[in-house]
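Input: a single structure, listed below in structure tokens.
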Amino acid sequence: MAADLSQNLKDVHVRSLLDQAYDELGLEALTLQSCDGDWPQFLAQRLQHLLEKQPQAASIDHEFLSLATVAFNCFLQANVTGPPLSYDPADGILPSSLFEGTNTTVERLQRRLISGLSIDGEAVYRLIPHVELFCLAKCILNHPSMTQDLPLRLARLRANFWHQRLLTDISSSLQDTIYDDLQLIGDSVLSSPPFNSIITPAQFFLERATIHNYHGFDQRARADIEQAARERSFHFALTGRLGKRTKYQEKELSQLVVLATSVDEDDEAARSGKSTNADTIETGPSSYRRTEAIPRKLNLNDDTLLESIAFTQAAASVPDFQQDDHLHPSLETLDPGNQPLLQPLDAIILLATASSITNTSPTDGLTREETLPYAERVISGGSSNWQVYTQALIVRSRIEGYRSRTIERSVLQLQAVVDQVVAETSSYKASKDDAASAMTTSTTFLPQPKSTESASASERLRYIHQLASSPRWKLEAELADRWVSLGGLRTALEIYERLQMWAEVALCWAANDREDKARKIIRRQLYNSVITTSTNKLLEDDEDNDVGDYRMERDPLPADAPRLFCILGDLEKSTAAYERAWEISNQRYARAQRSLGKFYSANKELDKAGTAYARSLKVNPQNHAIWFALGCIRLQQEDWAGAVDAFGRAVQIEDTDAESWSNLAVALLKLPPHILPGDPDTSDSKLNRTYSNVELMPEGGSNGSNVPATDPQKHVREAFVALKRAAALKRDSFRIWQNLLSVSIKLSPPPYTEIMIAQNRLIELLGNNEGERCVDVEIVEALVAHLVAAYPRAPTDTETTEVNGRQPEDGGTLQVSAPKRVGFERMVIDLVQKRITPLITSSRRLWLVTAKLSLYLQHPSATLSAYEKAWRVTLNQPGWESGTREAKDAWREVADSTTDLLDGYESLGERIREAGMGAGELVAKDWRFKSRSAVRSVLARAKEGWEGEDGYETLGERLQELKSA
């Protein structure tokens, strides 16, 4: 890459662009001095002149695109992949003539360029080496006069995305630019023949998945990864195979393994009509082969665990898995312990899949067990690309960092990768500036590889945009964070201090209960001491100066001052620090307002919290968590329209968040029917209303257009749809199911199917612990009442009836087949008989519901049994016979229950038992005796307390009737 850059720098137009002393094209007036030392502006003006004034503008455009691409690749080589550049690119890009007439030096210009990369208050790393390469590429690629074709857009997308990755946090304005280009590139790539494109669809899907993952759009990323696998006809599966994991294991157990095999390039090309050279922009036919030059892989060296799982031989294990119907035929015969080499893009698909699982699953042992086989598959198969293999080692190191037996290799492997990257991205000569002293290390954990054992720059950069490789300072920061998690505070601090990451140094101290030390470190970056103003003194750890001595704000402030002020505000609980961060970022640093919102919300200052969150969302409207927080604030303020809008936007951004859907339903239920979300008269929120973009489909598929605008149930229907979505996403939340049940019954007509599904799910979740209390009695009563009223009663199997207009002969019965009960009728019967009845212990109303259903089904014995149980449950209530005012309601229930029982004996006792033992006999031939016994027992217990009351006299009269019968 360095040689390509040297060749580009010899071009006449490139020399005219970079060297103001090269005056052959009439650019003498456009100097760095005339641009006040602003090098990007200097480049933009000279580029504008060259593209507009020169007759051969088309060829010039191509030359500058080539220069930008090569400069960008050199920047990535110098900071991400290695190997080291053979010379200092600043010598050619920043010639000495550039600084004539100015007091600027190369070092000062580089610091200014780093500061100029800050966007929306987000700063880049302060010691980025060779930043002039990146700024040159970005200036050319983002110039509006360049030809806006696919190669330029693709290069610009990559440069802007790497700019996003260099920032400490996501910039919303840069994100919008990235996604605008991503849409245009996608339309072009996916609509053109693959062999005519500079990037294949599979490469594009993987690159877009990387962008989605970084911005938090995990579902979109997963969809693109799956689409990339389909484009490449790449089949893989996470499955189980018998094997041993430990050295002393005797019995083979099922072990998780990823089976994967790549399709041969020639076969794939023959099938799809693609060119075999279309795998990458730079790739030739020989790109897919096993490489001997691979990064160092550390062995586990554990006394119990094997280096890798020892799988059972394929011949013995295949019969056990012949029923694996989900496996592709090409995977069924693979030996899990000796799988073939994967093509680089296929290996990237596996690594991206592992990352997507991690991003969308809880951080626990099960997730790590699921993701580790993906990294192991890439590593065990060997290396077909240096950078892909390096990324696989990093992914495995991240996964293994949580197990006691693998944590040592996890840290040492990450240390080895960091040493390799740092050693291979350092300049061939060490300069005396801060960047060199901070980034150059003298020793490595493992011996550095020889040049013959290392990969070329072109191989390392081939798939850099499909991978999620980190620059070297972020890798070192990750290593320091790993040491913090292990308790290695001193080692972590040494790394952070060497990198001059003062914010991380302060956070490291704060995490170890040394907030005083953390405040001092942050204040030393933002303020000068009132005791000494020596810059060199301030960079030392002067223990003599107190925290309060640092109160003279620096001028100029460091590029990452907004972030430092927010950290200071967190440490000192100071709203002034947050306000200052917001001010110095020109009201673009969203985190400042987020922190203010959280502070005010914790202190119950809801108006201020809502205002702060709204300001944050104006800068970064794609922040799902803040939309959710704003919605919660609006709920507490009873601003129902504002809450609907906030939660509506939250589910637009992340439609798999069950809590947002649930809260959206709550806000909709509170919203008056005549008020529509988005009406500016209903809320003081200044945010654009976006609720109308959330599609809430009522039951039956209607979008609500046929519902009158004044329909009082409009918001109830929308809340019902939102709760259905929430319940589908979070099936284990009984509160969401309870809310769905309560909302469903408010609809007219009620959605009976959803009501029964919700009640069934509540019984599954709460039945073992709550028993009958998890059953909504009123809803169950309504379901049975609707069944009885809407569905005619059918004859039972043994019912006596006319058949073809005649009675059965000799007084017998004819067997008539009852129609099969399906749909709503079957669901209600199963709900009551199979789910609710086993839970009933003390609810008379539930036994009465059971009796009503049994009566509907013409099961007289079951009906009478339910009445008896309802009566016994009522009699078991404590204190009903005491005669006190508090027990009056209980007495009335006992009297009513006894009356119901007597009526049941009278109406059902002489009917024929329908089934079971004694079928064909009377249900209760001694029903009069049972009735008299029941009444006597109640009257005897109630004599002292309730004699003379209405219920007592009524039961007495019924007893006399039974005696006289």
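Quantities reported herein were computed from a predicted structural model and do not represent experimental measurements.
- Here Tyr578 and Phe565 keep their ring centres 6.0 angstrom or further from each other.
- The backbone N or O of Arg111 lies less than 3.5 Å from no partner atom in the side chain of Ser115, so there is not a single donor-acceptor pair.
- Proximity of a side-chain donor or acceptor of Arg761 to a complementary backbone N or O of Phe734 within less than 3.5 Å is not detected.
- Minimum interatomic distance between Ser171 and Leu167 (heavy atoms only, all atoms of both residues): CB-CD1, 3.7 Å.
- Considering only heavy atoms from C-beta on, Arg615 stays 4.5 Å or farther from Gln587 through its side chain.
- Counting only distance, with no hydrogens or angles, the side chain of Gln525 and the backbone of Leu564 share no donor-acceptor pair below 3.5 Å.
- Looking at heavy atoms from C-beta onward, Leu174 lies out of side-chain contact with Phe161 at the 4.5 angstrom threshold.
- The closest donor-acceptor contact from the side chain of Ser742 to the backbone of Asn739 lies under 3.5 Å.
- A donor-acceptor contact shorter than 3.5 Å links the side chain of Tyr125 to the backbone of Leu499.
- The side-chain heavy atoms of Trp737 and Leu723, taken from C-beta on, include no pair separated by under 4.5 Å.
- With hydrogens and angles left out, the side-chain atoms of Asn160 and Thr177 include no donor and acceptor closer than 3.5 Å.
- Nearest heavy atom pair, residue Trp661 against residue Ala726, reads CB-CB, 3.7 Å.
- In this structure, Ala581 and Cys566 approach most closely via the heavy-atom pair CB-SG, 3.9 Å.
- Considering only heavy atoms from C-beta on, Pro562 comes within 4.5 Å of Ile584 through its side chain.
- Side chains of Gln164 and His215: a donor on one and an acceptor on the other come within 3.5 Å.
- Using a cutoff of 4.0 Å between basic side-chain nitrogens and carboxylate oxygens, Arg523 and Glu572 are scored as salt-bridged.
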Verdict with reasoning, Gln183 to Asp187, per side chain to side chain contact (heavy atoms under 4.5 Å, CB included): CA-CA 6 Å; Gln183 180 65 41; Asp187 294 341; 3.1 Å; yes
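- Between Asp655 and Leu729 the shortest heavy-atom distance is O-CD1, 3.5 Å.
- Once rounded to the nearest 0.5 Å, the distance linking CZ of Phe647 with CD of Glu659 reads 9.5 Å.
- Rounding to the nearest 0.5 angstrom, the gap separating the CG atom in Leu606 from the CD atom in Gln637 is 5.5 Å.
- For the pair Phe134/Ile128, no side-chain contact is recorded, criterion being any heavy-atom separation below 4.5 Å from C-beta on.
- In terms of heavy-atom proximity, Pro621 sits nearest to Trp627 at O-NE1, 2.8 Å.
- A distance of 6.0 Å separates OH of Tyr613 from CD1 of Ile633, quoted to the nearest 0.5 Å.
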Side chain to side chain contact (heavy atoms under 4.5 Å, CB included) between Arg482 and Arg398, worked out: CA-CA 9 Å; Arg482 187 74 57 83; Arg398 291 168 179 166; 3.8 Å; yes
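- With Cys508 as reference, Leu493 is the one residue of Ile521, Leu493, Ile495 to meet the side-chain contact (heavy atoms from CB on, under 4.5 Å) rule.
- Judged by distance alone, the side chain of Asn142 and the main-chain N or O of Lys138 form a donor-acceptor pair under 3.5 Å.
- Ionic pairing of Arg514 and Asp516 is present here: one or more N-O contacts between side-chain nitrogen and carboxylate oxygen are shorter than 4.0 angstrom.
- Here Arg634 contributes atom CZ and Trp640 contributes atom CH2; the two are 12.5 Å apart, rounded to the nearest 0.5 Å.
- When each of Asp570, Asp560, Asp169 is checked for a salt bridge (charged side-chain N to carboxylate O under 4.0 Å, His left out) with Arg591, only Asp570 meets the rule.
- A cation-pi contact, defined as under 6.0 Å to the ring centre and within 45° of the axis, is absent between Arg563 and Tyr589.
- Salt-bridge annotation for Glu638 and Lys670: absent, with no side-chain N of the basic residue lying under 4.0 Å from a carboxylate O of the acidic one.
- Test Lys520, Arg519, Lys517 against Trp509 for side-chain contact (heavy atoms from CB on, under 4.5 Å) and you get one pass: Lys517.
- At least one side-chain heavy atom of Cys135 sits less than 4.5 Å from a side-chain heavy atom of Val131.
- Asp120 contributes a side-chain N or O that, together with a main-chain N or O of Ser173, makes up a donor-acceptor pair within less than 3.5 Å.
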Ser574 vs Leu568, side chain to side chain contact (heavy atoms under 4.5 Å, CB included): CA-CA, chis, key distance, verdict: CA-CA 8 Å; Ser574 169; Leu568 184 63; over 6 Å; no
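- Going from atom CD of Gln738 over to atom CD of Gln759 covers 9.5 Å, rounded to the nearest 0.5 Å.
- Using a 4.0 Å cut-off between a side-chain N of Lys or Arg and a carboxylate O of Asp or Glu, Asp657 and Arg725 do not qualify as a salt bridge.
- At distances below 3.5 Å, not a single donor-acceptor pair connects side-chain atoms of Asp639 with backbone N or O atoms of Leu635.
- Remark: the Gln219 side chain and the Arg222 side chain contain no N/O donor-acceptor pair separated by less than 3.5 Å.
- Listed by chain and residue number, Gln175, Phe217, Asn620, Arg649, Ile653 satisfy the side chain to side chain contact (heavy atoms under 4.5 Å, CB included) test with Gln622 (two or more places apart in sequence, or in another chain).
- Aromatic ring centroids of His715 and Phe720 lie 6.0 Å or more apart.
- For the pair Met501 and Trp473, the minimum side-chain heavy-atom distance is below 4.5 Å.
- Across all non-hydrogen atoms, the minimal contact from Leu157 to Ile185 is CD2-CD1, 3.7 Å.
- A donor-acceptor pair is defined here as one N or O able to donate and one able to accept, closer than 3.5 Å; no such pair exists between the side chain of Asn586 and the backbone of Arg588.
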Side chain to side chain contact (heavy atoms under 4.5 Å, CB included) between Asp224 and Thr210, intermediate numbers included: CA-CA 9 Å; Asp224 278 342; Thr210 302; over 6 Å; no
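- With Lys474 contributing its side chain and Arg165 its backbone, the two residues share a donor-acceptor pair below 3.5 Å.
- For the residue pair Glu754 and Ser744, no side-chain donor N or O sits within less than 3.5 Å of a side-chain acceptor on the partner.
- Atom CD1 of Ile178 and atom OH of Tyr214 lie 9.0 Å apart (nearest 0.5 Å).
- Note on Lys714 versus Glu718: salt bridge recorded, some NZ/NE/NH1/NH2 to OD/OE distance being below 4.0 Å.
- Residues Pro471 and Trp162 form a side-chain contact, since some pair of their non-hydrogen atoms from C-beta on lies under 4.5 Å apart.
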